[in-house]
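Here's the structure we're looking at; comments come further down.
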Amino acid sequence: MKNLEIADLFYNIAEILEIKEENPFRVRSYRKVGQVLETLTEDVFKIYERGCLAALQEIPGVGEAIARKIEEILKTGRLEYYEKLKTSVPPGLVALLSIPEIGPKTARLLYDRLKITSIEELEKAIKEHKVRELPGMGAKTEDNILRGIDLLRRRKERLPLGVAQPIAQGIIEALKVLPEAEQVIYAGSLRRMKETVGDIDILVSSTKPEAVMDAFTTLPQITEVLSKGKTKSSVIAEKGTQIDVRVVEPQSFGAAIQYFTGSKEHNIKLRELAIHKELKINEYGVFRVKTGEKIAGRTEEEVYSVLDLPWVPPELREDRGEIEAAKANRLPILIEISDIKGDLHVHTNWSDGTHTITEMVERAERKGYQYLAITDHSYSLRIAGGLSEERLKEQIREIGKLNEKIDKFEILSGIEVDIKRDGSLDYSDDLLKQLDIVIAAIHSGFKMDMEAMTLRIIKAMRNKYVNIIAHPTGRIIGERDPYQVDIEQQIMAAAETGTFLEINAFPDRLDLKDIHAQTAKEKGVLLCLGTDAHNIMHLDLMFYGVATARRGWLERKDLLNTLPVEKLMEKLRQKRS
DNA sequence: GCCGTTTTCGGCCCGACTGTTTTCAGTCG
């Protein structure tokens, strides 16, 4: 079983235990292990091979009991404990938990009293008004559960960051004009720049919260109000997106941003730290337990500071070692958008882009870049107007002429060359040699098995003219899974051959993803950012690439295109010599 | 079930909203 499957298994255990009203901390332990396994870059099996149970117990949240369970899963492909546990609860009952409004207590009650074991049976019981007869239930609860079922059925996948961010921005603009609203900001996974966002959290500081709530719940883009209180409301807006708005007093704004930015795991760790210092953290501030005195809350920096920690950038707040790093004063100095000196993956109307080389260059200059790599598609990709050898030579000459005309800016002639099924490239080495930069990528034959795909890419890396592998796993978020490729081997091969790996900044891709970028950095691989722009507006997508790099703990030195042009050219030529 | 600059045992994050209650339990984030 793979990491994600094992994680799912532990999640299931947690849910069943919850229905059985087991010790909630035990439930949390299983859930925690699920979360950790999901974000682990190394295969659990490899960890186990390396050092058996002891190595497994190095994984945070894994103790002796769970290590033994993982061992059993790896050895036998199943877990006896889980198989037994499953039989103790009707299978449909766990599914009820996925309905918003229904938690373990309600699920249990529905089963004990009405023998309900599926969503369909629950619907039927509600229509017969049987649920309202149960203790603690009423007509309104029945309505809410029905609405929950409806919500579940039309619930969308998590939104890609590139979709959620503009929606949030729109709401923020609308709230900012309110005279009652002082500061407005998005928090949650959006502020942490996670690649997908479940719902949008917005935070407002105001001394008149009710006025803000009234205005928010009546905005034109809102289609449904789920709940509305004095300081907190939830609504459904464009594309079925849930938006939660929370209002706090200005003197608590910092504590509230910290609290609502999360992640949950990060915050739990912080609060545990606070307890050791006899402090209590909530969304209103940091308080002394004994006296109730408030000692921080206006800014986020204050909150971290009273815990003797430096401020932690939101992109790092995933409980993946950032608190330990902060304690030791070893937080990375994350790359900023202003560190980016140029875009290294750009298409023009020579292939499937919409704008000319000149138009792209002008836009890049206006963004303050020092260089731009023109990397149109290669011949195999006919559908995208891939360049023939002749056309590419022509483009090289054209770029040469343009470079003579401009000052203080360098246009790099490049290509996004297709890696063919056998790992060979679309053009001869003689032609590749004439380019400043060669990006290699896979655009066809996605369905190869892992071994073949990995070899295919590694073979391309061994070509001394290939500088960069573009979108190394080929995923399209929410649409296409990554191709089967051994990412660890790919990273090792990149280190060995002096090839760079791209973080494709296009928000549907973000490929490499955060945790893989981090692994690459740790293995000494240099990464580079490219927007894959097909028009001038796309050059602005660099924002999302930088966010992904930051989530991967990358610093300026870890990225190719933070270098000034001379150093960049030097790096690009290194592999050839 | 995990974990340790209080601890190898006894803790384990915190509050808003809702609906059903007459003071609170359940759910959610």
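Below, each value reflects all heavy atoms present in this structure, side chains not excepted, and no hydrogens, waters or symmetry copies. Residue numbering restarts at 1 for every chain, and letters A, B, ... go by the order of the sequence lines.
- Ion pairing between A:Glu318 and A:Arg551 holds under the 4.0 Å rule for side-chain N and carboxylate O.
- Look at CZ on A:Arg31: it is 12 Å from P on B:dG29, rounded to the nearest Å.
- Among the atoms of the strands shown, none is found under 4.0 Å from any heavy atom of A:Asn267.
- Looking at the side chain of A:Arg28, the nearest of the listed nucleotides B:dA16, B:dC17, B:dC12 is B:dC12.
- Here the side chain of A:Tyr259 is nearest to one of B:dG15, B:dG29, B:dC17, namely B:dG29.
- The base of B:dG1 sits with one of its N or O atoms less than 3.5 Å from a complementary donor or acceptor on the side chain of A:Asn23.
- One atom, CD of A:Glu272, and another, C1' of B:dT5, lie 15 Å apart when rounded to the nearest Å.
- Listed nucleotides B:dG29, B:dG19, B:dG1 differ in distance to A:Asn144; the shortest reach to its side chain belongs to B:dG19.
- Looking at the side chain of A:Thr106, the nearest of the listed nucleotides B:dT27, B:dC12, B:dC17 is B:dT27.
- Side chains of A:Glu38 and A:Leu4 form a contact here, defined as non-hydrogen atoms less than 4.5 Å apart.
- Nucleotides B:dC12 and B:dT7 place their C1' atoms 13 Å apart, quoted to the nearest Å.
- For the pair A:Asp214 and A:Lys228, the salt-bridge criterion is met [side-chain N within less than 4.0 Å of a carboxylate O].
- Rounded to whole Å, the distance from NZ on A:Lys269 to P on B:dC14 is 16 Å.
- For the pair A:Glu18 CD and B:dT27 C1', the interatomic distance rounds to 10 Å; values are reported in whole Å.
- B:dC14 and B:dT20: their P atoms are spaced 30 Å apart (whole Å).
- Of the C1' atoms belonging to B:dT8 and B:dC2, the separation is 12 Å, rounded to the nearest Å.
- A:Phe260 comes within 4.0 angstrom of no nucleic acid atom, judged by non-hydrogen atoms across all strands.
- Across all strands shown, the partner of B:dC17 is B:dG26, judged by Watson-Crick or G-U wobble contacts whose two distances both fall under 3.5 Å.
- Each of A:Ile268 and A:Lys327 lies near DNA chain B, and the nucleotide nearest A:Lys327 is the one positioned closer to the 5' end.
- Residue A:Gly63 is the one, among A:Gly136 and A:Gly63, whose nearest nucleotide of DNA chain B lies closer to the 5' end (criterion: closest heavy atom).
- With hydrogens and angles left out, the side-chain atoms of A:Ser234 and A:Asp244 include a donor and acceptor closer than 3.5 Å.
- Among the protein residues, A:Pro60 comes within range of the sugar-phosphate backbone only, with heavy atoms under 4.0 Å from sugar or phosphate atoms but none that close to a base.
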key: CA sep, side-chain torsions, deciding dist, call: A:Gln258, A:Asn267, side chain to side chain donor-acceptor pair (under 3.5 Å)   = CA-CA 8 Å; A:Gln258 197 292 314; A:Asn267 284 357; 3.1 Å; yes

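- For A:Asp244, whose side chain is taken as the heavy atoms from C-beta onward, the closest listed nucleotide among B:dA16, B:dG29, B:dG1 is B:dG29.
- Counting non-hydrogen atoms under 4.0 angstrom, A:Ala139 reaches the backbone sugars and phosphates but no base.
- Counting any heavy atom pair closer than 4.0 Å across all strands shown, A:Ser233 reaches no nucleic acid atom.
- Within the nucleic acid shown, A:Val62 comes within 4.0 Å of sugar-phosphate atoms alone, with no base atom in reach, counting heavy atoms only.
- B:dT6 and B:dG10 have their C1' atoms separated by 12 Å, with the value rounded to a whole Å.
- An anti base is found at B:dT5: its glycosidic angle is more than 90° from 0.
- The A:Ile66 side chain lies nearest to B:dG1 when the options are B:dT20, B:dG15, B:dG1.
- Among the nucleotides B:dG29, B:dG19, B:dG1, the one closest to any side-chain atom of A:Thr141 is B:dG19.
- As judged by a 4.0 angstrom heavy-atom cut-off over every strand, A:Ile102 is placed among residues touching the sugar-phosphate backbone only.
- With B:dG15, B:dG1, B:dG26 as the candidates, the nucleotide lying closest to the side chain of A:Glu283 is B:dG15.
- A salt bridge links A:Arg317 to A:Glu300: at least one charged side-chain nitrogen sits closer than 4.0 Å to a carboxylate oxygen.
- For A:Lys264, taking side-chain heavy atoms from C-beta onward, the closest of the listed nucleotides B:dG29, B:dG1, B:dG19 is B:dG29.
- Residues A:Tyr82 and A:Ile16 form a side-chain contact, since some pair of their non-hydrogen atoms from C-beta on lies under 4.5 Å apart.
- Heavy atoms of A:Pro104 sit under 4.0 angstrom from primed sugar atoms or phosphate atoms, though from no base atom.
- Distance, A:Glu101 CD to B:dC17 P: 15 Å, rounded to whole Å.
- Side-chain proximity of A:Arg26 to B:dG26, B:dG1, B:dG29: nearest is B:dG1.
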